[in-house]
Every structure is written in structure tokens, then in C-alpha cells.
Amino acid sequence: MDFWTEIPSLGKRDLRDLKKGIDSAFRGFSREYGDNIEAFFDPLYYFLVWLEKLLIAAPWPIILFAVAGLSYLGSKSWKLALGSVLSFVVIGYFGMWKDMMATISLISVATIICIAIGIPVGILMSRYDRVQGAITPILDLMQTIPIFVYLLPVVMLLGIGRVPGLIAVCVYALPPVIRLTNLGIRLVDKEILEAADSFGSSYRQKLFDVQIPLALPNIFAGVNQTIMMALAMVVIASMIGVKGLGMPVLQAIQNQYLTLGLMNGLAIVALAIIFDRVSQRYGKRLQAHRYGKDHE
Amino acid sequence: MSDAKLQINNLYKIFGPKAKKFVPLVKEGISKQELLDSYNHVLGLNNINLTIPQQKVQVIMGLSGSGKSTLIRHINRLIEPTSGEVIVDNKNVLEMSQTELREFRRKKTSMVFQKFALLPHKTVSQNVAYGLTIQGVHEAQAKESSHIWIEKVGLSGFEGHFPAQLSGGMQQRVGLARALATDAPILLMDEAFSALDPLIRTDMQDILLDLQNELQKTIIFITHDLDEALRIGDNIAILRDGKVIQEGNPQEIIMTPADDYISDFIKDVNRGKVIRIKSIVTKGSCRGPNLISSLTLENALKELNKSKTKECNVIDEGGKKIGKVSLDSAIDALLKTNVSTNERYK
Ligand SMILES: Nc1ncnc2c1ncn2[C@@H]1O[C@H](COP(=O)(O)OP(=O)(O)O)[C@@H](O)[C@H]1O
Ligand SMILES: [Mg+2]
């Protein structure tokens, strides 16, 4: 009768031994190679710190000027540029300037890394069905696995700090660029590709002259999503020691500081809206030729 | 410059994962439907043998799904064959290495597509120069030579426009200029004008015929429109279920359709405008006036009717007598609408 009421399971002691075994093996691995792995990520650490310091040290009017310039260049909209500058002023006025700079530097570096890894991987996936078959489940895993589950081994390997935080953000934010690069290239009109082939294009010529330019709106939608997901990770990243707007939110949750939490939360939202609108407008302009408008 | 021998031998194409396995079955005569029903493979081309006349317009005609696109894509190998050969200048295109094939596509063939297939992110001038830039021609030079072709297709002033800013007809002119810009001797046109309105289509046919007069390319022109085929083609091949069921010059096809499928095809054609008296000429001579052999029935009828004997002599372009025609035979040719009535007459 036992058989029907109790699912067969490993004995308690066996289970404990198994967990212990794996844990100690990973700990051993971490002790052995942790330093090397950390050293491997050192350049990233220095870059991140350098950018953060640069942004914090720069006089605020220059930053505002850059914000205005970049958001105008991206969106070609005075309203958006003005809105961005105003948001920055307000965030600074309420004492969150430094945290905002730290968050911006984290998001920027994370986005650069995601693009640098994501676009080539997406291109490979679009070229080989097998690569697509192998990578798609990994992407699914990256997007569904609870963040804390992979946070743990990262922290065990690299400790607490900016780099593990950055890696966690990247793991979470990477899939959209990869997926949309792959999709964008695969969606390029077959007849246009035939035309490129019929004139004797090589694979490289086709890729850089036809496929990537035509996939750009999709690739850019992927970048946009990646930025949004990176921003969404800011609070969680602060749990493993990443400075920025997430840290006060975390504090606020732990100590029930309502105003602190709200202010920093709103600042994150403001950043998200600015990044989103500017990058979306930019993405739209990339396909202006489709609607018969002149190139800018 | 513009000559290349083009010959297709025993070409088979079967779509499906085990295509090669079914070639013997197809050779034994299994039908397209049977192959699909029993083995889930699609018969694309079935033993195509064609010698394409140099510097002429070869039309390939057939209903949708008859294998026209499949056939033309074998000539520049956008589709891999299941078996057979495509010989261009004594070389089998289907056996070329990737590098040879690229070189072949750059220098020997160019293609015009049904839905234009222009590069939407490039300007008219960049589109026309595309083939040249692929060959590594310097941008300034490519732009300069593309300009000539833009002018020839009547698009001067639109160099900086994007395809989306142009009408369908204008877009296909860009497609044509792009194909001509590489100076390739073989021009492949897959239903190039089918997507255009009738009036614009006639315009494009005129442009093509004018250019062909000057350039003398070997053109493979696909269409499902008989009027277009008769207007452009020096030679016509008719495809059905991946097989060539008749091949010949337009007169032959109209006068002696090989089967009901083709009779059906040609039943709506305006015979008076299409058939020329050289197709009904008989031996002998008469006392009537001389008519030139390329005269259409429509025009010949008037002359024949005026002639006292209801007969006229036929001369060729050089003025040499080649025979005679009678009013009766002209009316006969005008009325024979298909094979079956043809038989009833006898
Ligand atoms: N990639 C493919 N896979 C399977 N069947 C195909 C493929 N391409 C074409 N076919 C089939 O081959 C036949 C000929 O097609 P196609 O050459 O496109 O005809 P057409 O251009 O005359 O309309 C059709 O029955 C079509 O369904
Ligand atoms: Mg077709």
C-alpha cells in the first residue's frame, strides 16, 4: 500500500550526501578557480568603475547637455529631449544624481556587452539551423529560471560586487537581442535574398549589405527590450552589491521607508521611459525608407 | 560580347528530402499527382531538354505551378537540380564550385524578379549599381555606369529616390536597369511584368523590345500571359507539370498546337493580329499582287479580297517570291480555333 501513497524517493541521508557532495565540489572549484575567473573579468570591472567615476565627476551641466544631445539625435524630437533633461534635473534635485549615474553606467555597460555577444550569436543562429536548435532552449532557460537560482553560483564564484551584478543583469537581459537578431535576419524577404544571390554576392556581402540593414529595425527592437530588462534588474542587482538607484529601493523595502522607495522607484521608471522612447524613435527612423521618406 | 550558348539537358527537379531516390520512378513515367500522393514529393521539372537560341528571346509559358520559376532558377542555380545539366559556354553550371558559380552569376547572368526584389534601403542609383559593387567596382565608377542605365529606362531624376517612393512600373524599370548594368549576356526574367497593370505592362514590353534591339541579349522570359509571349518571344516553350509539351516559334504554336492544353491556352488569342501569312503560304504563284511574308492575316485579308483571283503572291524581306496565299486559306487559318475543329475540317 505504501507504494501508492508515498512517491519513491532517495533516502534522506542519501539526499543530504548528494547535495553536500555537489556543494563541496562547486566550492572546491570556486576556491581553485575563483581568482582566475575574477581576474578574467577584471577589465570589465575597471571599465565599469571608470565609466561610473567619469559620469559622477563630470559637471552636471555637461551631463545635461549630453542627455539633451543624445536624446535629440536619437529621436529627432525636441519634446523628448526637453523631457529627458527635465527628468534628470528633477532626479538630481531630489538627491539621486550619483545613484542615477551609477545606474546609467551599469545599464550602458550591460547593454554594450549584450550587443557585443547577442548580435554575433543571433547571426550565427540565423545562418545555421543547428545553432538555432541548440541555443533556443538555453535562451528559454535564461528567461525562465528564477534569478536567485543563478545569482547564487555567480556570487559563490565571484563574491559580491559590481561584476557579479553585471553578469546577472546580462544573463537576464541578453535573450531579446539574440532572438530578435536571429528573427530579423530570417524574416528578410526571400526574393530580395535571391536577388542578392543572383548577382553573385558572397555570404559576407549578403550579410552586411542586405540582411543586417534590413533586419536592423528588429535588431533594434531587441536592443530596446534588452535595455528595459536590464533596468528591471537594477533592484535585484543591488542585492549583490551593485550601487545605484536599486540600493535605496532595497533599503526602503527592508526598513519600510515609503518615500525613499517611491522616489528611487520613480527615478528608475523615468530612466526606463526615456531610454525606451528615444531608442524606439531611433529604431523607427532606421526604417524610414520603407515609408518612402527621405533618409536623414 | 553578348553571346553565350545555353543548353539544358535531361534536367529533373524533385522537391523533397529523398528527391534522388525518385528519379528512376519519374523516368518510368509516374505522374506529378501520383508522386505527391504516394511519396509526398513534388515533381518540379521532368526531363527538360531545351536549346535556347542565342541573342533571342526565349519565352517559357505555363500555368501557375507548372515549374516556370523552378526552371529559370536552375539556369543561375538559385535552385539545386536533382539531376541533369545546364550548359553555358560549354560549362555545366550545375557542377561549378561555389567560387566559380559566384563568378558565373556576376559575369554571365542577371535576373529580373516578379516582385521587383529591389533593396529597399538603397536608392535607385545604388540599386542599379548593386551588381557592379558586388563585383568590387569602385563606388564612384559603379555610380557613373549605373547612370547610363537609369537614363535608358527613363528614370533620370529619380536617382536619389528609394524604391518605396516609386510606382510599380518605375520599380521594375529599376529592376531592369539593375539587371542590365552588369552587361551580362544572359538575362533571366521571371514573370517580370506580371505584377504590373496592363497599360504599364505594354510600356515595359516596349522598353524591353527597344533595348533588346540594341543589346541583343539571350533573354529567358517567363510569363503566363499568351499575348505577352507572342509579343516578345522569338521562341516559346510551354510547360505543364514540369514538362515541356511544345516548343517552337509563335506561328508554329498557334497554327499547330500540340494538344488540348495548348489549344486551350491559345483559344482567346486574336489570330488575325498574330498569325502571319508566312505560316499559311503554299507552293506556286498567281497573278495577284505581292505581299510580304510578315504581314498579319488581318492586313492580308483586305488585299486578298481586293485581288481578282482572291490570291496573292508572298515574298520574303529580300523581295524573293516564296509562294502564294489564298483568301480561303487565310479565312481557314483565322477560324481554326483548336485541334478538334481542325480535325473536323478534314
Ligand atoms: N521549395 C519547394 N518545395 C516544394 N515544392 C516546391 C518548391 N518550390 C516549388 N515547388 C513546387 O514545384 C512546382 C513548380 O513551382 P514553380 O516553379 O514555382 O511554378 P510556376 O513558377 O510555374 O508557378 C509547384 O507544384 C510548386 O508547388
Ligand atoms: Mg513562378
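So that the names make sense, note that chain A is the first sequence line, chain B the second, and so on, each numbered from 1. Computed from a prediction, not measured in an experiment: that's the story for all the values here.
Between chain B and the residues A:S201, A:G200, A:S202, the most heavy-atom pairs under 4.5 angstrom are made by A:G200.
Under a cut-off of 6.0 angstrom, the local environment of CD in B:Q7 is crowded, with over 12 non-hydrogen atoms contributed by other residues, nucleotides or ligands. In A:Y45, the OH atom is not crowded: 12 or fewer heavy atoms of neighbouring residues, nucleotides or ligands sit closer than 6.0 Å. In this structure, B:E144 places its CD atom where only 12 or fewer heavy-atom neighbours from other residues, nucleotides or ligands lie under 6.0 Å away. Other residues, nucleotides and ligands contribute over 12 non-hydrogen atoms within 6.0 Å of the CZ atom of B:F15. Residue A:Y203 qualifies as enclosed at atom OH: its count of foreign heavy atoms under 6.0 Å is above 12.
Taking each heavy atom of A:E191 and B:F116 in turn, the nearest pair found is OE1-N, 4.3 Å. When all heavy atoms are compared, the tightest approach of B:L118 to A:I192 is O-CD1, 3.5 Å. Residues B:R106 and A:F199 come closest through the heavy atom pair CG-O, 3.3 Å. Across every non-hydrogen atom of B:A117 and A:A195, the tightest pair is O-CB, 3.7 Å.
Of the atoms belonging to B:L101, not a single heavy atom falls under 4.5 Å from chain A. Using a 4.5 Å cut-off between heavy atoms, B:Q98 does not touch chain A at all. Contact of B:Y130 with chain A is made through the side chain alone, with heavy-atom distances under 4.5 Å. Proximity to chain B involves both the backbone and the side chain of A:D197, based on heavy atoms less than 4.5 angstrom apart. Of the two parts of B:K107, neither the backbone nor the side chain holds a non-hydrogen atom closer than 4.5 Å to a non-hydrogen atom of chain A.
A distance-only check finds no donor-acceptor pair linking the side chain of B:H121 to the backbone of A:L286 [under 3.5 Å].
Within residues 67-78 of chain B, the residues having any heavy atom closer than 4.5 Å to a heavy atom of chain A are B:R73, B:N76, B:L78, listed by residue number.
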Derivation of the side chain to side chain contact (heavy atoms under 4.5 Å, CB included) call for B:T133 and A:Q205: CA-CA 10 Å; B:T133 49; A:Q205 286 172 326; over 6 Å; no
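Put simply, CD1 on B:I134 and NZ on A:K206 are 10.5 Å apart, with the number rounded to the nearest 0.5 Å.
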